[in-house]
Amino acid sequence: MKYEASHLTDQELLLDIERIPSGHKEKVIRTHLDGCWKCRARRKGLENAITDFVHVYQRESDPELPPAAGPRALLRARLAQLAATEPARRSIGTLVWRGLALASAVCGVLALGFILSRFSVVWRDSSARAGIVSIPDARLTPGATLLISRPDVCAQPDTKNKAVPVSMQRKVFEEYGIPGADPGAYEVDYLVTPALGGADDIHNLWPHSYAATAWNARVKDALEDRLREMVCDGSLDLSEAQREIAANWIAAYKKYFHTDKPLAEHCRRCGE
Amino acid sequence: MSSRITGSMILPFLRTASATDPDKRRVRLQDDVTSLFDRFRNPLLRYLWNLGLTLPDGEEILQDVFLSLFQHLDRGKPLYDARGWLFRVAHNLALKRRGRSRRDSEGREQAGVEDLAVDPAPNPEDRLASSQTQQRLMAVVRALPEQDRRCLFLRAEGLRYSEIAGILDMSPAAISLSLSRSLARLVRSAERYTL
């Protein structure tokens with residue numbers, strides 16, 4: 001907007017609104033505004049435009065954003081993977097050492113990728129064929145959690161997992177490469193149970209096979225109850241419980257029940 | 001993590017740098033990067049969406065941004081302004097990605113109109129006036145030159161002129177000029193509407 005030379009420009013008015021120091025100019029602007037109704041009205045107009053824009057900007061964008069739990073969990077898993085595959089930085093290092101480290105990291109990543117892809121194919125083929133899945137794929141189900149505190153977790157009266165909608169179950173089957181799976185053969189299970197702050201998100205769900213005779217859903221339920229007890233009596237940190245169950249729930253079971261196989265009271269078919 | 005974040009974010013990473021055991025240091029680093037994700041994911045995603053990316057594309061870019069941040073810090077590189085760094089990297093990755101997958105703008109505009117239709121204003125007259133104001137305002141914003149729009153979105157996310165200048169590779173004075181030009185257009189539009 002162009003104004004006669006005696007008035008302030010829009011840029012000068014904005015500098016004043018934003019309180020950006022501009023030295024001598026700042027004083028000139030203030031002095032002019034003190035005596036000029038017209039420029040004060042224009043300044044007010046700019047402020048109103050900022051207010052209107054911010055309201056509309058927030059309003060138009062915020063409701064569209066999906067929950068952060070899934071992407072957050074995915075990031076945690078990818079960070080852990082990155083930290084595991086890249087060599088840690090040391091304070092003393094030569095160019096040769098760095099070159100070797102880089103080469104080995106690249107080889108490691110390639111080898112890991114190769115192994116994972118082979119494993120994935122074999123695993124998916126075998127799981128589709130045999131229909132047995134006891135441990136979720138960490139890339140598909142890293143375990144999404146909510147930002148929730150220990151008191152909030154322990155205040156939840158109902159610790160029973162709510163049913164996963166059929167449409168979500170189908171998505172999980174598709175993710176795991178078994179789109180035509182019989183829903184009756186699997187329990188689409190939460191990796192981190194909501195009773196421990198697990199999120200209602202696809203990154204926290206996997207098809208837990210009923211065909212698994214030893215490490216089945218009932219055994220996992222027992223672990224979840226045990227961990228929740230420990231979290232709520234203060235003997236285990238909530239984030240630690242979430243991390244352990246997400247990393248390998250079978251290993252966590254072995255650790256917290258001090259056993260290599262499911263206890264009889266947790267598993268009716270373990271002897272089969 | 002310290003909540004003293006005003007653009008410059010050195011404090012949280014002092015904790016990371018102080019850990020001598022590399023493995024412990026990395027665990028802390030992961031926690032710090034996740035904390036930054038919690039804090040900046042929504043503003044970044046909103047900015048990417050307003051740049052014209054789909055939300056899934058935006059989420060993917062943000063994963064790359066925060067993994068890059070981890071690598072940046074893991075190599076011992078300094079981070080004087082986390083917010084500016086994150087927006088700059090996200091902005092650059094978005095421009096690369098946008099060439100490949102551009103959001104259907106017609107669908108977006110339609111969605112915007114539908115959102116306006118459910119505006120919970122206190123009465124029908126206010127609701128109509130409010131939605132008309134929003135439509136008029138967004139029409140003006142959409143008609144702005146792209147760089148001016150980016151300035152406006154970044155400023156609306158709370159970034160300072162120097163941060164925006166770093167992200168868009170412009171001088172702070174050019175940012176000031178761009179913002180005043182855009183706001184003047186919004187003012188003119190409001191004046192035309194009320195007269």
Side-chain angles (χ1 to χ4, degrees), chain A residues 1-3 8-15 17-18 20 22 41-84 86-91 93 98 147 239 243, chain B residues 20 22-23 25-27 29-31 33-34 37-38 41-42 45-47 49-50 55-56 58-60 62-63 66-67 70-71 74-76 111-112 115-116 119 133-135 137-138 140-141 152-153 155-157 160-161 172-173 176-177 179-191:
Chain A
M1 221 179 280
K2 287 185 180 170
Y3 277 82
L8 299 173
T9 64
D10 290 326
Q11 199 176 358
E12 287 167 334
L13 290 172
L14 187 60
L15 287 177
I17 290 169
E18 303 271 38
I20 294 175
S22 50
R42 286 172 51 222
R43 186 187 186 284
K44 181 79 176 163
L46 287 174
E47 280 189 304
N48 289 341
I50 291 171
T51 307
D52 290 346
F53 174 71
V54 168
H55 283 160
V56 172
Y57 178 77
Q58 295 279 349
R59 193 174 196 154
E60 286 242 319
S61 308
D62 270 346
E64 305 271 350
L65 300 184
R72 183 184 195 273
L74 187 61
L75 178 68
R76 291 289 303 182
R78 291 179 72 182
L79 285 172
Q81 195 177 16
L82 192 63
E86 280 198 358
R89 188 179 68 88
R90 305 287 168 184
S91 56
R98 287 185 183 182
L147 291 171
S239 59
R243 198 163 22 237
Chain B
T20 49
D23 292 332
R25 183 181 166 278
R26 278 188 153 185
V27 169
L29 196 52
Q30 289 175 52
D31 290 342
V33 170
T34 309
F37 178 85
D38 292 339
R41 180 257 190 183
N42 281 4
L45 189 56
R46 193 163 46 219
Y47 176 65
W49 189 73
N50 277 302
L55 288 173
E59 296 274 23
E60 255 184 62
L62 289 190
Q63 293 284 320
F66 284 93
L67 290 172
F70 175 83
Q71 288 173 316
D74 193 39
R75 287 176 194 135
D115 285 345
L116 297 174
D119 179 358
T133 304
Q134 289 186 39
Q135 287 183 42
L137 203 141
M138 288 316 291
V140 175
V141 172
L152 209 51
F153 293 149
R155 187 70 190 99
E157 290 297 349
R160 294 168 303 177
Y161 285 30
S176 158
L177 191 61
L179 287 172
S180 59
R181 194 166 49 219
S182 302
L183 291 170
R185 283 198 187 187
L186 293 175
V187 171
R188 277 203 300 273
S189 158
E191 285 173 350

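Below, chains carry the letters A, B, ... as their sequence lines are ordered, and counting in each starts from 1.
Taking every heavy atom of both residues into account, B:Q30 and A:A83 meet most closely at NE2-CB, 3.4 Å. Nearest heavy-atom pair, B:Y161 versus A:I20, reported as atom, atom and distance to 0.1 Å: CE2-CD1, 3.4 Å.
Here the straight-line distance linking atom CD of B:Q71 with atom CG of A:L82 works out to 5.0 Å at 0.5 Å rounding.
Looking at B:L179, both its backbone and its side chain come within 4.5 Å of chain A, counting heavy atoms on both sides. With a 4.5 Å cut-off on non-hydrogen atoms, B:R155 touches chain A through its side chain but not through its backbone. Using a 4.5 Å cut-off between heavy atoms, A:L15 touches chain B through its side chain atoms alone. In this structure, chain B has no heavy atom under 4.5 Å from any part of A:L13. Only the side chain of A:E18 comes within contact range of chain B, with heavy atoms under 4.5 Å apart.
The side-chain contact (heavy atoms from CB on, under 4.5 Å) test with B:V187 is passed by exactly one of A:L46, A:I50, A:D10: A:L46. Checking each of B:V27, B:L29, B:L67 against A:L79 for a side-chain contact (heavy atoms from CB on, under 4.5 Å) leaves exactly one that passes, namely B:L67.
Ranked by heavy-atom pairs under 4.5 Å with chain A, the list B:L62, B:L152, B:V141 is led by B:L152. Each of B:R181, B:E60, B:R41 has some count of heavy-atom pairs under 4.5 Å with chain A, and the biggest count is that of B:R41. Of the residues considered (A:A80, A:S239, A:A68), A:A68 shows the highest number of contacts with chain B, using heavy-atom pairs under 4.5 Å.
Using a 4.5 Å heavy-atom cutoff, the side chains of A:R72 and B:T34 are in contact. In this structure the side chain of B:S180 never reaches within 4.5 angstrom of the side chain of A:T9, judged on heavy atoms. Considering only heavy atoms from C-beta on, A:L14 comes within 4.5 Å of B:L183 through its side chain. Two residues are said to be in side-chain contact when any heavy atoms from C-beta on lie closer than 4.5 Å; A:R78 and B:F70 fail this criterion. You'll find the side chain of A:R76 stays beyond 4.5 Å of the side chain of B:V33, heavy atoms only.
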Problem - A:Y57/B:N50 under side chain to side chain contact (heavy atoms under 4.5 Å, CB included): CA gap, chis, key distance, verdict - result: CA-CA 9 Å; A:Y57 178 77; B:N50 277 302; 3.1 Å; yes
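A side-chain donor-acceptor contact under 3.5 Å links B:Q63 to the backbone of A:P71.
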